Every structure is written in structure tokens, then in C-alpha cells.
2 protein chains.
Amino acid sequence: MPPSQRRQPKQARSRELVERILTSAGELFAGQGYPNVTTNHIAEHADVSVGSLYQFFAGKEEILAALQDKWTARLGAELDERLRVGPGTDIAETVDQVLDVHAALNRQPPGLLGFLLISTAGTDHGNGVVAAIHRRLVDLLTLRARSLSRQQMDVVASMLVHITNGLYSVGLAAGANDPAVRAEVRAALLGYLTPMLTGSDERI
Amino acid sequence: MPPSQRRQPKQARSRELVERILTSAGELFAGQGYPNVTTNHIAEHADVSVGSLYQFFAGKEEILAALQDKWTARLGAELDERLRVGPGTDIAETVDQVLDVHAALNRQPPGLLGFLLISTAGTDHGNGVVAAIHRRLVDLLTLRARSLSRQQMDVVASMLVHITNGLYSVGLAAGANDPAVRAEVRAALLGYLTPMLTGSDERI
DNA sequence: GTATTATCCGAGCTTTAGCTCGCGTTTCAC
DNA sequence: GTGAAACGCGAGCTAAAGCTCGGATAATAC
């Protein structure tokens with residue numbers, strides 16, 4: 001399904017223009033808040049005319065969707081690269097890697113990743129984005145937590161998505177690089193996962 | 001600091017009108033999403049004229065702020081009432097109570113509490129609202145976790161606010177009454193809190 | 001009962017976000 | 001080099017959100 005009937009950038013300069021638009025939109029969304037940003041702002045900030053913007057995007061929502069795709073793809077790629085898990089990998093190490101990736105991506109621009117993840121809630125497109133992350137997590141869990149039922153895995157994956165998203169988004173974004181906060185998020189994730197993976201969880 | 005220079009409702013009918021406006025706004029915000037709701041929608045849905053609405057509220061943002069105040073006050077009152085904790089109270093019980101209160105408030109209208117809590121992020125007013133909840137939690141922790149330093153308590157309180165807010169808001173709101181989801185949220189909170197309160201946490 | 005204050009209303013004015021369209025410019029294919 | 005396609009532009013149109021104001025009604029004070 002094509003994002004819209006708009007023109008697809010073919011030449012290098014238009015691809016760069018689209019890139020500038022996305023970058024500016026990201027900075028503005030994260031900085032001013034989605035409702036306060038207009039397509040005119042984005043165009044101006046990107047040093048591009050509105051007309052050009054509308055050649056490639058149908059509107060603000062489509063820009064948001066494109067950003068979500070771009071960043072979740074980036075997030076997924078980073079995770080794939082770092083999480084070469086075998087059955088023997090230490091959980092704590094895995095959690096650290098995940099937190100590293102999140103923190104790094106959420107830094108430039110600050111808070112954007114968190115905003116994007118939060119803003120998936122409710123929209124059709126957002127559901128797809130979350131589903132992709134969810135799938136990846138279930139794959140990960142399959143390697144680690146074979147004692148869990150399929151249904152349990154789904155719930156656990158949801159939990160993980162929302163713990164990390166939620167924490168790194170709703171307010172903790174600012175403190176994500178604060179070691180104390182970081183340590184607590186780590187403790188929370190491990191506190192949740194450890195009993196489950198070591199089998200000491202009576203719910204299993 | 002007065003919310004605005006608007007008129008304060010003095011008579012019973014105007015207080016009821018303000019009430020209707022807030023109720024309608026809550027339903028619409030939770031149902032249609034904040035950006036899609038206009039003051040005209042709210043007035044119409046509340047069966048009130050826009051003019052009347054603007055006599056008591058300066059605009060949409062102020063209505064949101066009023067809703068945040070009202071619901072966090074309600075949340076705080078419910079928690080105070082149910083969480084008569086002494087040093088001997090069971091943690092699991094406390095967590096259950098907190099989840100009960102959240103779930104109940106988030107039910108009518110569905111998702112409103114979650115939306116309100118999320119939407120505090122970033123705004124000045126929202127910071128105040130979160131600070132109030134935060135303060136209450138630190139009080140609670142003071143009774144339970146005396147071994148924590150003041151700074152640690154702050155971080156832990158932040159974590160708790162964001163775990164509950166985040167989880168019950170970003171996507172889990174829909175499933176908040178699903179027993180499986182509920183059980184996982186419970187497990188996550190206990191997994192985080194138990195080591196800390198029993199002193200088996202090596203970070204303390 | 002009368003003056004005063006509080007309230008309520010909604011047509012319509014103002015502002016602004018959203019968006020298009022025609023034209024000039026650049027790149028590409030051959 | 002030349003025609004075609006891709007691109008870039010921004011003044012300005014459109015629709016809708018935000019909001020006011022003057023006048024009518026209801027509550028309250030005395």
C-alpha cells in the first residue's frame with residue numbers, strides 16, 4: 001500500500017529535500033508538540049516551500065507516519081545488530097543493550113523516539129508499527145523463554161514494549177541519561193524478566 | 001494563581017454547566033483524540049453554547065488543565081482512602097489496590113485517565129500535576145522503604161508514576177481489564193518493588 | 001417588586017491551518 | 001543539444017477553528 005498518491009522522490013535533490021523535511025518535522029514535533037506544529041512551520045524550518053512539502057506528503061499525519069516508520073526501522077536494525085542472543089546470553093546484558101539503543105536514539109533530537117512511540121497509540125498506522133516491534137520481541141522471547149505459552153508471550157511482549165516505550169517516553173525522556181534513572185529502569189525490567197526466565201515465577 | 005481571568009461559576013446552574021462541559025470534554029478527548037476536538041464540539045456535545053463555554057474557560061487547553069486537576073485529585077483521594085498503609089501492610093495488597101483504583105477510574109469514560117496522565121508531559125501545568133502525585137508517592141515510600149535515600153525515593157517514585165501511567169496509558173488502557181494484562185502489570189510492579197522493600201536489593 | 005448581578009445564547013467576525021496551482025528551473029535520457 | 005520529466009516555489013484561496021459581543025433571561029438581594 002503506497003503511503004499516498006503523492007510523488008515519490010526520484011532525484012537526489014528531492015530525496016535530500018524529503019530528508020530535510022523529516023528531520024525538521026522530528027525536531028519540531030519533539031520540541032513544540034505535535035498539535036502546535038503546522039506544515040508551514042515544518043516547511044519553513046526545513047528551508048523548503050510548502051508547495052514542495054505537499055508534493056511528497058499529503059499532510060502532517062503522513063509526515064508523522066513516515067517518521068514512525070523511519071525510526072522504528074532504525075530501532076529494529078540497531079536491536080538486531082546488538083542482540084545476537086543465544087540461549088546462554090545473560091539477561092542483564094540484553095537489557096543493557098536494549099536500554100543503550102533506546103537512549104542513544106532518543107537523544108538526537110531529544111525525546112523524538114519516545115514521542116513517536118507514544119503517538120502510535122490509537123492510529124491505524126501506529127498499530128502496524130507497534131505490531132512490527134512486537135513480533136520482533138516475540139521472536140526474542142521464543143529463544144529465551146520456552147516455558148511460556150504463546151499467549152503469555154504475547155502479553156509479555158506487550159509489557160516489554162510498553163515498559164520501555166512508556167518509561168522512556170512519558171517524562172523519563174529528559175532523565176534517560178541520568179545514571180540513577182537508568183539504573184531504576186534496568187532494575188524494573190530485570191525484576192520483571194528474571195523470575196520469568198529462571199522459572200522461579202509461580203505464574204508459569 | 002487563578003486559572004484565568006474568566007468568570008468563576010457562582011450559582012448552581014453555572015456550576016452544573018461547567019460540570020457538563022468537563023464531562024463532555026473528557027468523553028470527546030478520550031474518544032476522538034485531543035487534536036480532533038474543538039471547543040465548538042465540546043459545547044455542542046455538552047448542549048451548551050460556545051459563548052457560555054468561553055465565559056468559564058479561556059480555551060481548549062484550560063479545559064484540559066481543569067480535567068487534569070479534577071481527575072488527579074480524584075485519583076489522589078481514592079488512593080488516600082484505600083491505602084491506609086502501616087509498616088506491616090503487604091506490598092502485593094498495596095499494588096492491587098493501586099491497580100484497582102487506576103482501572104476503575106480509567107473505565108468511565110474509557111481511557112480518559114490514561115490520556116490525561118500522558119498529556120501532562122511537557123506542559124507547565126502538567127508538571128505541577130505530576131509533582132502532586134509524585135509527592136504523595138514519596139510519602140507512601142517513606143513509610144515503607146526507610147532504607148532508601150531521599151534521592152533514591154525520588155527516582156523510585158518517578159518510576160512508579162511512569163510505570164503505572166505509562167502502562168495504563170500507552171496502549172494497555174484497552175486491555176486494562178483483561179486479567180492476563182492486569183496480572184503482568186502486577187508482576188512488573190512487584191518484581192520491581194519487592195527486592196527494594198525486603199532489602200534484598202544489592203543497590204540499596 | 002425592583003435593582004443588581006449572574007447566566008446563557010448563538011450569529012457571525014477573526015484568525016490561521018491546510019492546501020493548490022501555474023510557472024520558472026533543474027536534471028535526465030537520447 | 002533538446003525535449004520530457006522531475007523539481008521547487010510561494011502568493012493566495014478555502015475551510016474551519018477560535019472567539020466575541022450585544023441582547024435576552026434567570027437568580028439573588030433588599
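Note that the structure is predicted; figures quoted are calculated from it, not measured.
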So how far off straight is the helix from C:dG1-D:dC30 to C:dC30-D:dG1, going by the axes through five pairs at either end, to 10°? 30°
Does some side-chain heavy atom of B:I63 sit less than 4.5 Å from a side-chain heavy atom of B:L53? yes
Among all residues two or more places apart in sequence or in another chain, which pass the side-chain contact (heavy atoms from CB on, under 4.5 Å) test with B:V95? B:I91, B:L99, B:R186, B:L189, B:L190, B:L193
What integer distance in Å separates B:R6:CZ from C:dC8:C1'? 15 Å
With sequence neighbours left out, the residues meeting side chain to side chain donor-acceptor pair (under 3.5 Å) with B:E19 are B:K70
Provide, to the nearest angstrom, the distance between the CZ atom belonging to B:R20 and the C1' atom belonging to C:dC9. 13 Å
To the nearest Å, how far apart are B:K10 NZ and D:dA29 P? 12 Å
Using a cut-off of 4.0 Å on non-hydrogen atoms, how would the nucleic acid contact of A:S14 be classed: base, sugar-phosphate, or nothing? sugar-phosphate
Partners of A:Q11 by side-chain contact (heavy atoms from CB on, under 4.5 Å), sequence neighbours excluded? A:R13, A:S14
Under the side-chain contact (heavy atoms from CB on, under 4.5 Å) rule, collect the residues that match up with B:E61, sequence neighbours excluded. B:Y34
For atom NZ of B:K60 and atom P of C:dA17, their distance in whole Å: 12 Å
If the cut-off is 4.0 Å, is A:S52 near the phosphate of D:dC9, judged by side-chain N/O to OP1 or OP2? yes
B:Y54 side-chain N/O to D:dT20 phosphate OP1/OP2 under 4.0 Å: no
State which residues pass side chain to side chain donor-acceptor pair (under 3.5 Å) with A:N127; sequence neighbours excluded, sorted by chain then number. none
For B:D139, give me all partners under side chain to side chain donor-acceptor pair (under 3.5 Å), at least two apart in sequence or on another chain. none
Rounded to the Å, how far apart are A:Q8 CD and D:dA5 C1'? 16 Å
Residues two or more places apart in sequence or in another chain: which of them pass side chain to side chain donor-acceptor pair (under 3.5 Å) with A:Q68? A:S119
So which pairs with a foot in residues 152-162 of chain B pass salt bridge (Lys or Arg N to Asp or Glu O under 4.0 Å), sequence neighbours left out? B:R150-B:D154
Atom-pair distance (CZ on B:F56; P on D:dT20), nearest Å: 15 Å
At a heavy-atom distance below 4.0 Å, what parts of residues 32-49 of chain A sit against DNA chain C? A:T38, A:T39, A:N40
Name all residues meeting the side-chain contact (heavy atoms from CB on, under 4.5 Å) criterion together with B:E27; count only those two or more places apart in sequence or in a different chain, and write none if there are none. B:T23, B:H45, B:P109
Flag if over 12 foreign heavy atoms under 6.0 Å of CD, B:E44: no
Separation of C:dT20 P from A:R7 CZ (nearest whole Å): 14 Å
Can you check the B:F57 CZ to C:dT7 C1' distance for me, whole Å? 15 Å
Below 3.5 Å is the cut-off: list the nitrogen or oxygen pairs between protein and nucleotides 25-30 of chain C, distance only.
residue : atom : partner : partner atom : Å
C:dT26  : O2   : A:R13   : NH2          : 3.4

